[in-house]
4 protein chains.
Amino acid sequence: MSSSFGQLFVVSTFGESHGPAVGVIVDGLPPGITIDVADIQRDLDRRRPGQSSLTTSRTEADRVEILSGVFEGVSLGTPIAMLVRNTDARAHDYAALKDVFRPGHADYTYEQKYGVRDHRGGGRSSGRETTGRVAAGALAKAALATVGVSITGGTVQVGPIRTDQRDWDEVEKNPVRCPDREAAGRMAELIASIRDQKDSVGGVVEVVARGVPPGWGDPTMAKLDAMLGAAMLSIPATKGVEIGGGFAMCGLHGSETNDVFDGTRFLTNFAGGISGGISNGADVVVRVAVRPATSIGKTQTAATPQGGTTTIEIQGRHDPCICPRVVPVAESMMAITLADAWLRQRAVRGRPA
Amino acid sequence: MSSSFGQLFVVSTFGESHGPAVGVIVDGLPPGITIDVADIQRDLDRRRPGQSSLTTSRTEADRVEILSGVFEGVSLGTPIAMLVRNTDARAHDYAALKDVFRPGHADYTYEQKYGVRDHRGGGRSSGRETTGRVAAGALAKAALATVGVSITGGTVQVGPIRTDQRDWDEVEKNPVRCPDREAAGRMAELIASIRDQKDSVGGVVEVVARGVPPGWGDPTMAKLDAMLGAAMLSIPATKGVEIGGGFAMCGLHGSETNDVFDGTRFLTNFAGGISGGISNGADVVVRVAVRPATSIGKTQTAATPQGGTTTIEIQGRHDPCICPRVVPVAESMMAITLADAWLRQRAVRGRPA
Amino acid sequence: MSSSFGQLFVVSTFGESHGPAVGVIVDGLPPGITIDVADIQRDLDRRRPGQSSLTTSRTEADRVEILSGVFEGVSLGTPIAMLVRNTDARAHDYAALKDVFRPGHADYTYEQKYGVRDHRGGGRSSGRETTGRVAAGALAKAALATVGVSITGGTVQVGPIRTDQRDWDEVEKNPVRCPDREAAGRMAELIASIRDQKDSVGGVVEVVARGVPPGWGDPTMAKLDAMLGAAMLSIPATKGVEIGGGFAMCGLHGSETNDVFDGTRFLTNFAGGISGGISNGADVVVRVAVRPATSIGKTQTAATPQGGTTTIEIQGRHDPCICPRVVPVAESMMAITLADAWLRQRAVRGRPA
Amino acid sequence: MSSSFGQLFVVSTFGESHGPAVGVIVDGLPPGITIDVADIQRDLDRRRPGQSSLTTSRTEADRVEILSGVFEGVSLGTPIAMLVRNTDARAHDYAALKDVFRPGHADYTYEQKYGVRDHRGGGRSSGRETTGRVAAGALAKAALATVGVSITGGTVQVGPIRTDQRDWDEVEKNPVRCPDREAAGRMAELIASIRDQKDSVGGVVEVVARGVPPGWGDPTMAKLDAMLGAAMLSIPATKGVEIGGGFAMCGLHGSETNDVFDGTRFLTNFAGGISGGISNGADVVVRVAVRPATSIGKTQTAATPQGGTTTIEIQGRHDPCICPRVVPVAESMMAITLADAWLRQRAVRGRPA
């Protein structure tokens with residue numbers, strides 16, 4: 001299914017950017033998990049537009065409504081449908097976009113794939129689709145918490161500025177969501193500057209899962225690396241993913257990158273917590289490459305559905321750097337992936353965790 | 001399913017490194033495709049051990065037998081099972097490994113996941129599992145060729161040596177499978193040197209698909225990027241994947257990375273041929289990070305199943321750099337992914353391609 | 001996934017009987033299909049409670065809202081979410097049911113499976129879940145109509161009264177939905193009598209698809225018979241299904257039941273339009289056994305969660321014979337199954353139909 | 001996938017009747033299950049041709065070879081591939097069938113679906129495909145035995161002769177596999193008589209699972225009834241399936257068919273062990289309608305690929321009644337279905353059973 005992720009913890013999103021609503025069904029959350037709608041809302045608020053001067057000014061309250069699957073505050077084991085109404089959908093902002101394929105956007109490919117498209121704000125290709133993912137991710141986090149797994153993410157690079165510091169408590173204290181207060185300041189300045197140039201800039205988001213026991217994941221096609229790779233590269237505007245040591249390991253030797261295991265713990269974590277596709281008990285560490293947002297105000301050349309070209313200056317409300325808003329989405333996709341792996345391992349071994 | 005890949009073009013491998021056989025079922029190859037077993041064998045020969053002094057000296061003929069789904073040289077549309085017998089399975093080389101978890105290997109995680117394992121040569125975690133993938137990939141390539149899609153791969157980095165040259169005709173002329181004759185020579189020297197040090201080295205493999213029409217792939221969870229990401233990260237020893245501009249885009253601006261489309265073609269290819277998860281008609285370009293092989297002869301500290309540690313010098317026959325042999329596997333996984341996307345798009349639009 | 005049906009035309013329902021809403025996501029409807037919400041509503045009205053004196057008097061308007069996937073009256077190819085609010089949810093009617101397992105109901109098995117349940121009106125086990133199926137079925141019917149396939153169903157047996165007449169135009173003219181006016185009258189009398197006895201009665205619903213071209217369905221595990229079997233037996237209160245000649249063929253000879261094909265058409269239809277799991281061009285004919293509704297007003301012995309027994313007279317509003325309301329549900333499940341088979345065959349052959 | 005069954009216990013068969021081999025991959029058998037190849041062979045022997053004068057005289061030893069997934073007699077948790085070579089494949093018997101569509105067979109529909117077919121003995125549509133199912137079923141039975149579930153089947157009707165006796169110990173003592181010694185004699189006589197008339201006769205096979213705990217199965221689309229329905233209707237030559245009371249319930253009242261549960265056990269079993277799609281702890285009872293075999297020696301009218309008609313007297317070696325050989329296949333499909341449901345419930349609750 002094109003809009004679903006997972007085998008046992010199955011997340012299916014729906015909705016266009018400027019249609020009536022966006023939302024999600026989560027099928028497979030185990031029964032008996034306490035569900036607090038405030039927790040879901042908190043993560044949605046971290047994703048929603050208009051949360052700081054560094055993000056788009058589209059104002060969506062993004063209030064979530066649970067339609068099913070929860071009774072007296074507890075999951076039933078049945079599908080949980082969640083709905084967020086689109087309220088600030090200024091479709092008229094986008095009327096001009098009917099006759100142009102925005103550079104870097106999916107306008108052209110949707111037209112080629114489907115022969116029809118909702119041009120308003122990108123329709124389903126809009127980042128707004130990730131609203132449902134974040135609501136689902138909040139449920140996955142709640143489920144994983146019952147077996148001691150927690151997930152944290154942050155922006156670790158913006159343009160040329162990168163940091164190796166991982167002060168996770170810092171993340172929610174700065175608008176960039178960077179786990180390094182000092183670097184965050186410089187990143188914010190850069191983003192503001194890029195915004196003023198009507199341009200955008202890329203970055204890297206890192207997500208870490210702690211407490212994952214050994215044994216989750218599958219050994220060949222459905223390696224945990226592979227599932228996390230699919231999860232991250234399904235997020236709009238991502239073009240790369242790496243686990244643990246990632247691309248940097250290509251320049252190293254096996255004697256350097258074979259993590260030593262002393263029978264209790266791993267002394268290094270080049271494997272990013274996954275050996276042979278299966279979690280090994282160390283932190284699961286994933287980084288995702290976020291390209292510069294494709295919606296920019298600068299004048300660009302663009303093709304038209306009629307086969308010619310024109311110039312375009314994209315109006316509307318956009319993010320100069322989407323990393324801060326990708327953080328909760330990437331956390332959610334990791335939580336969803338791990339929840340699925342957890343349930344799969346329960347099937348394999350018949351144990352709680 | 002842990003050992004299957006694809007939704008409509010479904011590839012399911014089986015087999016342990018030192019069991020009776022390895023193999024694959026391909027379910028979903030369209031009927032009427034001409035199947036030449038010599039083409040399958042050619043790709044298997046590119047993957048098999050012992051092909052050059054840079055690879056392991058295990059000698060497996062890797063002769064493939066087609067068991068079903070092909071009649072009078074043409075695919076029937078029914079499952080195609082293919083079998084390769086293990087012949088040079090020197091299990092005694094591995095008897096000592098029963099009581100140790102090799103560093104960087106999946107020995108520990110298999111034990112944790114299943115509570116039982118075939119310790120001989122890594123069992124199912126061995127790279128030998130990819131034999132079936134390559135046989136399946138040859139069928140996918142044959143299918144894609146009927147709609148004008150071709151796939152080529154090569155080693156573009158070994159250790160610190162990297163090249164930007166893409167002379168694809170050069171690839172099969174050097175043992176590194178590098179699309180740059182000059183760089184290939186330096187890479188081969190480096191690999192030989194690493195081999196003599198009983199160590200291993202990592203690298204990067206790039207795969208390119210030409211002729212992919214716009215419209216393949218799905219817009220949200222099953223983005224073509226995501227499927228390719230899963231495909232590549234399911235290959236043993238891979239820890240990163242990037243599409244098109246990949247991680248390098250993180251340091252750039254949208255005004256630089258928005259590929260200009262003039263209505264006919266894209267003037268740049270930062271998107272790697274995929275916009276919004278859907279192919280846009282440009283070359284599909286994927287790079288995969290291959291970590292240094294975990295099997296090395298150097299003395300290492302290793303944990304034991306009994307909870308202590310020991311030292312180990314891995315005997316047996318190993319690859320100092322697996323990139324040359326990953327090339328046909330990565331090509332195969334891209335072919336399988338694209339064949340699946342092709343069939344999915346046929347379902348969406350009901351057109352031949 | 002426990003709540004989804006189909007591989008390419010995927011229907012995922014959600015909702016409890018007395019929760020905020022019931023609904024469905026349809027993922028995979030091809031783009032460009034004209035969607036008329038009035039057509040969906042018409043089928044929902046055929047399923048909804050309170051439509052005649054023979055059905056439960058629960059009054060639900062069952063107004064459907066399309067939340068996504070349709071733009072300017074045409075399908076986009078993206079997921080279509082549809083929502084029906086529960087309005088007449090008299091949960092207090094069911095408060096007493098918290099402490100009893102109703103005979104024949106799923107109360108006990110839900111408790112055993114999940115360890116928690118929404119006892120109000122059966123929660124998710126209520127026939128109300130089929131609301132989403134009918135909305136999805138209306139979309140499947142619209143899609144199939146574009147390739148000349150139409151689907152009709154009716155009640156052909158109620159208790160001991162059965163008919164061999166198939167006057168399909170008659171179905172919507174009588175409250176039993178029987179394709180035989182005369183038999184319909186006797187069936188209605190029987191149902192009224194059973195209702196007055198506070199009891200219920202079973203029956204048989206038949207569904208026929210016309211215009212299905214040869215070639216739909218798969219040859220082994222996913223035979224069209226098998227998919228239709230799963231579709232029908234997923235409807236609440238069904239305990240049998242037969243295709244074409246069905247159980248009656250067990251008493252006959254091959255020389256009687258081998259349908260003669262004259263190169264143009266089949267002279268008989270014992271195969272029910274499916275040979276070797278694949279449609280053969282004849283009408284696809286399926287009958288489903290509907291057990292007597294389990295909710296009855298008569299005094300019954302029932303077990304309690306505490307391990308004892310009690311007596312119960314089920315209050316609330318119930319159907320003495322659910323066949324008339326199963327008809328649109330069975331039609332929907334057949335339409336969904338065939339839409340999926342249609343898309344699968346498009347993938348196999350790359351042709352419009 | 002067209003040739004796979006199951007979500008967590010996944011069975012994928014391959015092979016044509018007169019190709020090199022038939023076989024199966026089982027992916028998802030839990031690790032640590034003791035596998036005795038003799039048990040697999042025993043069930044294959046119950047299915048194989050030539051076992052009595054009532055079955056086809058094709059002589060296939062049907063020796064199974066395990067290719068993977070088992071190490072030192074114990075399952076590894078990895079895919080188990082099993083292979084049976086075709087030895088008595090007299091393709092010349094079938095050369096004449098290239099130019100005719102046998103009545104009741106899948107020749108015409110395969111041609112329509114794929115545009116190409118292996119005409120030799122029906123190719124993949126042959127009952128020979130069920131060899132792999134039986135091998136897989138033996139593994140499923142072994143897995144289920146570890147949690148106390150056992151499965152037994154028998155022929156309960158042949159033509160007009162039916163029995164209500166269920167003396168399961170009798171089944172393997174008569175060639176009809178009827179759980180009623182006296183009825184078995186009459187059935188055998190009828191089958192011999194039909195065989196001498198060059199005709200065939202249908203029947204009913206019943207399969208019962210004992211020891212299934214409450215809680216297996218899913219509540220809506222993937223009801224245990226639905227999965228068993230798909231499993232049974234995927235067996236060649238089946239055209240009906242019923243659970244528990246089945247079609248006979250249509251003529252009864254709710255007050256008769258609501259099984260009374262006294263808190264410990266069910267006093268009747270109209271539900272066939274499944275309430276609301278979930279096992280309730282009673283025996284799971286399924287009956288499947290087996291049509292008369294379509295291969296008969298009598299003269300029949302048949303269509304040709306050229307669009308005309310001809311007459312045909314099917315030569316080769318055929319079964320006058322396939323019920324005795326369907327018994328192990330139906331048992332296998334039930335075992336596979338229940339093994340899958342078992343693993344799914346382990347995922348839901350995280351318990352061994």
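To find a chain, count down the sequence lines: A is the first, B the second, and so on, and within it residues start at 1.
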field: Atom pair NZ (K198(D)) and CD (Q300(D)), whose distance is rounded to the nearest 0.5 Å
entry: 12.0 Å

query: chain C heavy atoms under 4.5 Å from R162(D): which part of the residue, side chain, backbone, both or neither?
result: neither

field: Toward chain D, the part of Y114(C) with a non-hydrogen atom under 4.5 Å
entry: both

message: Can you tell me which of L252(D), V241(D), D262(D) forms the most heavy-atom pairs within a distance under 4.5 Å of chain C?
response: V241(D)

- prompt: So which heavy atom on C250(D) is nearest to which on V204(C), and how close?
  reply: SG-CG2, 3.7 Å

message: With a 4.5 angstrom heavy-atom cut-off, is it the side chain or the backbone of V348(C) that approaches chain D, or both, or neither?
response: side chain

message: Taking side chain as everything from C-beta outward and backbone as N, CA, C, O, which of these in K223(D) sits under 4.5 Å from a heavy atom of chain C? Side chain, backbone, both or neither.
response: side chain

- prompt: When you measure from the side chain of D340(D) to the backbone N and O of G6(D), does any donor-acceptor pair fall under 3.5 Å?
  reply: no

message: Determine whether a donor-acceptor pair (N or O, by modelled atom type, separation under 3.5 Å) exists between the side chain of T257(D) and the backbone of H253(D).
response: yes

- request: Identify which part of M333(D) has an atom lying under 4.5 Å from any heavy atom of chain C, answering side chain, backbone, both or neither.
  value: side chain

task: Check for a donor-acceptor pair, side chain of T238(D) on one end and backbone N or O of M232(D) on the other, with a separation under 3.5 Å.
output: yes

field: Summary of ring-ring contact (aromatic ring centres under 6.0 Å, His included) pairs that have at least one residue in residues 290-310 of chain C, sequence neighbours excluded
entry: none

- request: Below 4.5 Å from any heavy atom of chain D, which atoms of D199(C) appear? Answer side chain, backbone, both or neither.
  value: side chain

From D259(D) atom CG to T294(C) atom OG1, the distance as rounded to the nearest 0.5 Å: 10.5 Å

- request: Report the option among R124(C), H105(C), Q197(C), K298(C) that has the most heavy-atom pairs separated by less than 4.5 Å from atoms of chain D.
  value: R124(C)

query: Does S200(D) have any side chain to side chain contact (heavy atoms under 4.5 Å, CB included) partners at least two apart in sequence or in another chain, and if so, which?
result: P292(D), A293(D), I296(D)

Winner by heavy-atom pair count (cut-off under 4.5 Å) against chain C, out of G251(D), G217(D), S255(D): S255(D)

- prompt: What are the two closest non-hydrogen atoms of L233(C) and G240(C), and how far apart are they?
  reply: CD2-N, 3.4 Å

field: Option that, when pairs with chain D are counted at under 4.5 Å, heavy atom only, ranks first among G277(C), P219(C), P236(C), G272(C)
entry: P219(C)

message: For the CG atom of L224(D) and the CG atom of N280(D), what is their distance to the nearest 0.5 Å?
response: 10.0 Å

message: Just verifying a value: how many Å separate I322(D) CD1 and T155(D) OG1, rounded to the nearest 0.5 Å?
response: 10.5 Å

- request: Tell me yes or no: between the side chains of R117(C) and S125(C), is some donor less than 3.5 Å from an acceptor?
  value: no

query: Hey, would you say the Y108(D) and F261(C) ring centroids sit under 6.0 Å apart?
result: yes

field: Residue among R133(C), E129(C), Q157(C), E111(C) with most heavy-atom pairs under 4.5 Å to chain D
entry: R133(C)

message: Which atoms of I161(C) are under 4.5 Å from chain D, going by heavy atoms: the side chain, the backbone, both sets, or neither?
response: neither

message: If the condition is ring-ring contact (aromatic ring centres under 6.0 Å, His included), which residues does F270(C) pass it with, not counting sequence neighbours?
response: none

task: Sort out for me which of G115(C), G229(C), G203(C) touches chain D most, counting heavy-atom pairs under 4.5 Å.
output: G203(C)

task: Pull out the residues in residues 242-249 of chain C that come under 4.5 Å of chain D, heavy atom to heavy atom, sorted by number.
output: E242(C), I243(C), G246(C), F247(C), M249(C)

statement: Of the listed G104(C), G254(C), A106(C), the one with the largest count of heavy-atom pairs under 4.5 Å with chain D is G254(C)

field: Euclidean distance, I278(D) CD1 relative to D225(D) CG, rounded to 0.5 Å
entry: 10.0 Å

message: Less than 4.5 Å to any heavy atom of chain C: does that hold for the side chain of S279(D), its backbone, both, or neither?
response: backbone

message: Does any backbone or side-chain atom of A237(D) lie under 4.5 Å from a heavy atom of chain C? Answer side chain, backbone, both or neither.
response: neither

message: Quick check on I274(D) against chain C: is it the side chain, the backbone, both or neither that has a heavy atom closer than 4.5 Å?
response: both

Selection from G308(C), G276(C), G307(C), A230(C) maximising heavy-atom pairs under 4.5 Å formed with chain D: A230(C)

